[in-house]
Amino acid sequence: MNDQTPLSQNPPAGHTTTFSPPAVDASPSAHPRNFGSDNWAGAHPEVITAIIEANVGHTPGYGGDPWTARLGEVMKGHFGPSAQAFPVFNGTGANVLALQSALPRWAAVITAASAHINYDETGAPEKVGGLKIIGAATPDGKLTPEIIYNAVLGRGNEHNAQPLAVSISQSTEWGTTYTAEEIRAIADTAHGLDMILHVDGSRLGNAAAYLDTSLGALTTDVGVDIISLGGTKNGLLGAEAIVVLNPEIGQGMKFLRKMNLQLSSKMRFLSAQLNALYGGDLWRTSANHANTMATRLADGLAEATATGRAPDISIVAKTESNVVFVHMLDEVAARARQSFAFANWPMAKNVVRLMCAFDTTAEDVDALIAAIVEA
Ligand SMILES: Cc1ncc(COP(=O)(O)O)c(C=O)c1O
């Protein structure tokens, strides 16, 4: 016998089951579009339709379904015949799993200090992946060959985690974008130092749309080894994929995905979403739209500053994707927030992040500019 309370199917005397949770107000006016994050947007209607269409009958679980087979072909179309795609639930999981599958336990990963894997994943690559992350300072969120060389320390020394991977975010957390040539130079540097190149492509579509190029031109063609390919930020309900490009790495992915809690039993619904986005042009049109809205916002704010209507604000990073970073005093931000939500950017003082999504409208952007001018 132990001292545990015996289990009972009956509620204890006096227990009441009349609690009713508050109803959610699902009217559109209760959920106005904002600039908090592209994650704040809902899912694209075509994605919802794809999920509904996949909701038919029975099909094998864990990726044995035809939607996942199609996704494999779709990804080969973008990234070449060697590409292998592994759908996962979220971007942090994709990053941890991608890096863990490609590296030994003593590895370190060089990345920008501002990178999501360094700053925004609660230490998951370290705690879950067992990898040390080395965050290098950058002016704009972008690594360069020189920054990488300077960060490769302690090679061969048993007292140091061994730098065996470089990870870049495309587009970066600062909204900047690497050109294909810049990635080629980074890949050559990494490979020359016996490191692999991982791309956190949470917003790879935004980068490809901004540069008016293909997904493969920014990855396969320029020496990238493995990608965390985004989806949720570009209109999916919730799905990302790891795409392994280098056939010499990632062999344990099948097992590690399960061990890392990223194996979906009803995988058809992840794959159907990714097919809706990447099976045609939706990834590009949605990303292009979000980028265009960010450019409209940046141009409008720059014009307001130049004409003296908003003299106290300044744009502090290049607008090369779907986000605008603006320096503004706290009291200005507080007043503007009476009309719109947006985030403080923790990596710089008095800087706010204004992020556009696939469903941001020109009217939303113009109203935000007006609210900031007014503030
Ligand atoms: C660059 C980047 N990578 C990865 C992620 C992780 O995505 P998730 O929130 O799905 O884990 C994010 C999310 O904001 C991100 O911005």
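Hydrogens, waters and symmetry mates play no part in the numbers below; they use all other heavy atoms, side chains included.
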### Task
Please check if any side-chain donor atom of Q170 sits under 3.5 Å from a side-chain acceptor atom of D200, or the reverse.
no
### Query
Going by distance alone, is a donor N or O of one side chain under 3.5 Å from an acceptor N or O of the other, for H44 and N234?
no
### Message
How about NZ on K132, more than 12 heavy atoms from neighbouring residues, nucleotides or ligands closer than 6.0 Å, or not?
### Response
no
#### Entry: Side-chain donor-acceptor pair present, E240, T232, cut-off under 3.5 Å
yes
### Query
Is there side-chain contact between V224 and I227, with heavy atoms separated by less than 4.5 Å?
yes
### Query
Considering only heavy atoms from C-beta outward, does the side chain of L245 approach that of I226 to under 4.5 Å?
no
### Query
Are H191 and D225 close enough that some pair of their side-chain heavy atoms sits under 4.5 Å apart?
yes
### Summary
Result for side chain to side chain contact (heavy atoms under 4.5 Å, CB included) between M259 and one of L263, L256, L261 points to L256
### Query
Would a 4.5 Å heavy-atom cut-off, applied to side chains only, mark V166 and I196 as touching?
no
### Summary
Taken to the nearest 0.5 Å, the spacing of R296 CZ from T319 OG1 works out to 14.5 Å
### Query
With a cut-off of 6.0 Å (strictly less than), are more than 12 heavy atoms of other residues, nucleotides or ligands near CD of Q251?
yes
#### Entry: Atom CD of E331 with >12 non-hydrogen neighbours under 6.0 angstrom
yes
### Message
Could you tell me if the side chain of V109 sits less than 4.5 Å from the side chain of P125, heavy atoms only?
### Response
no
### Message
Is the ring pair W174/W345 parallel, tilted or perpendicular, if the boundaries are 30 and 60 degrees?
### Response
perpendicular
#### Entry: Positive for side chain to side chain contact (heavy atoms under 4.5 Å, CB included) with N206, one of N288, N291, T177, L211
N291
### Query
Do L164 and R155 come within less than 4.5 Å of each other through their side chains, counting heavy atoms only?
yes
### Query
Does K254 make a cation-pi contact with F86, if we ask for NZ or CZ under 6.0 Å from the ring centre and within 45° of the axis?
no
### Task
Check ring-ring contact (aromatic ring centres under 6.0 Å, His included) between F35 and all other residues, then give those that pass, not counting sequence neighbours.
F340
